[in-house]
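Data first, discussion second: the structure below is written as structure tokens.
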Number of protein chains: 2
Amino acid sequence: MKHAMNQKPDYEKELRKAGVRITRPRRIILDILTSTEDHPDAMKIFHRAIEIDDSISLSTVYRTMNLLEEMGAIHRHAFNGGPSRFEQAHGEHHDHLIDIETGDVIEFQSDKIEKLQEEIARSLGYEITHHRLELYCRKITPGE
Amino acid sequence: MKHAMNQKPDYEKELRKAGVRITRPRRIILDILTSTEDHPDAMKIFHRAIEIDDSISLSTVYRTMNLLEEMGAIHRHAFNGGPSRFEQAHGEHHDHLIDIETGDVIEFQSDKIEKLQEEIARSLGYEITHHRLELYCRKITPGE
DNA sequence: TTCTTTTTGCAAACGATTTGCATTTGCATT
DNA sequence: AATGCAAATGCAAATCGTTTGCAAAAAGAA
Ligand SMILES: [Mn+2]
Ligand SMILES: [Mn+2]
Ligand SMILES: [Zn+2]
Ligand SMILES: [Zn+2]
């Protein structure tokens, strides 16, 4: 149950090391990603980006998200089956609780659940590469 | 960890009760859904359907899946963010382990995890309406 | 059977994402 | 600083899964 107070990793260095060029669009998109607490989709990232440089295109946003995902620098989510939403990968692993009324996304972490998942996979002859746990919830109203 | 050996529920009765007409396409689609162990997507259901009646259209498959989902007769999954895949809702709740190499889907159930999920939601002031737990795994190769 | 309403098939529209291609850019090299 | 080339961009068109409008067909109540 931890809100990752992430000290920014040096993505530019990571990109360079991966033999990838540092371009203006990429710098801007990385800035957006590292300076937000939420889980924006491509369109939202695009809108934030053109506020800084209105020549950036939506395809570049998509291409950059794919690149960063392949590098493991971001995670992709598809809450509800909606459009992909992203967040930087740094900080510790967590899962998500989605308020189905407001759309709010709350992050949480449970070592116990993580352990149980491992056990289950193991008992079936598998090892987990990644997983997804989403709780779709409604706020508890005490007087009801 | 249970493979639901589901005795077929009477969907036709359920549909009638909901004031919905029993049509040939719907009967065929329901048959496909109740007689399969896997998690087919709309296209796969469509192909199985036209083998029985080649006049069925893909839109009818989609419309029927939406109808059945609203009635709570089926569940919809979006593994990996791919196309929607379906399974009948009868039988007990379970989650899914996906073999990322073969695409196989294995069902499992853990009361402990379910309980922990409730606790977490509760502690954040929420109650769960539904959830999704997917383990993406690779088969364990003992000699490696 | 007739009548009314729902459902269908088809084709066109849709939203999210990807792609082809000509142009621009990053950056390693002079 | 100027050059050269590969990599990345913007744009428009294509793609994929899914939904929709509409006229024709089928369900089921009377
Ligand atoms: Mn987790
Ligand atoms: Mn579960
Ligand atoms: Zn998150
Ligand atoms: Zn299942």
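In this text, all values refer to a predicted model and were calculated from it rather than measured experimentally.
- As rounded to whole Å, 15 Å separates atom P of C:dT6 from atom CG of B:L15.
- When heavy atoms are screened at a 4.0 angstrom cut-off, B:S59 is found touching base atoms of the nucleic acid.
- If you check C:dT25, C:dG9, D:dT19 against the side chain of B:Y62, the one that comes closest is D:dT19.
- A straight line from CD1 of B:I45 to P of D:dG17 spans 14 Å, rounded to a whole angstrom.
- Not one N or O on the side chain of A:R76 forms a donor-acceptor pair closer than 3.5 Å with the backbone of A:S84.
- Between A:N66 and C:dT17 there is no side-chain N or O to OP1 or OP2 distance below 4.0 Å.
- The shortest side-chain heavy-atom distance between A:Y136 and A:F79 falls under the 4.5 Å cut-off.
- The side chain of B:P25 lies closest to C:dG9 when the candidates are D:dG10, C:dG9, D:dT18.
- In a base pair of the Watson-Crick type (N1 to N3 plus N6-O4 or O6-N4) or a G-U wobble (N1-O2 and O6-N3), with each distance short of 3.5 Å, D:dT15 is matched with C:dA16.
- At a cut-off of 3.5 angstrom, the base of C:dT5 holds at least one donor-acceptor pair with the side chain of B:R21.
- Judged by distance alone, with hydrogens and angles left aside, the side-chain atoms of A:N80 form no donor-acceptor pair with the main-chain N or O of A:G82 at under 3.5 Å.
- One interatomic measurement links the two molecules: CE of B:M65 to P of C:dT7, which rounds to 16 Å at whole-angstrom precision.
- Side chain of A:R63, nearest nucleotide from C:dT17, D:dT9, D:dG17: D:dT9.
- Contact between A:I74 and A:E69 at its shortest, heavy atoms only, is CG1-N, 3.5 Å.
- Among the nucleotides C:dT7, D:dG10, C:dT17, the one closest to the side chain of B:R26 is C:dT7.
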- Message: Please evaluate residues B:F108 and B:L135 with respect to the criterion side chain to side chain contact (heavy atoms under 4.5 Å, CB included), reporting the C-alpha separation (whole Å), side-chain torsions for both, the decisive distance (0.1 Å), and the verdict.
- Response: CA-CA 10 Å; B:F108 67 87; B:L135 307 181; 3.7 Å; yes
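- The B:T60 side chain lies nearest to C:dG9 when the options are D:dG10, D:dG28, C:dG9.
- Taking atom CZ of A:F46 as the reference point, atom P of C:dG15 lies 16 Å away to the nearest angstrom.
- Contact annotation: A:T23 side-chain N/O to D:dA7 OP1/OP2 distance is not under 4.0 Å.
- If A:V20 and B:V20 are placed on DNA chain C by their nearest nucleotide, the residue sitting closer to the 5' end is B:V20.
- Nucleotide C:dT30: paired with D:dA1 (Watson-Crick or G-U wobble, both distances less than 3.5 Å).
- In this model, no side-chain donor or acceptor of B:R16 finds a partner on the base of D:dG28 within 3.5 Å.
- One can place CE of A:M43 at 9 Å from P of C:dT17, the figure rounded to the nearest angstrom.
- Position along DNA chain D of the nearest nucleotide to B:R24 versus B:D41 favours B:D41 as the more 5'-ward residue.
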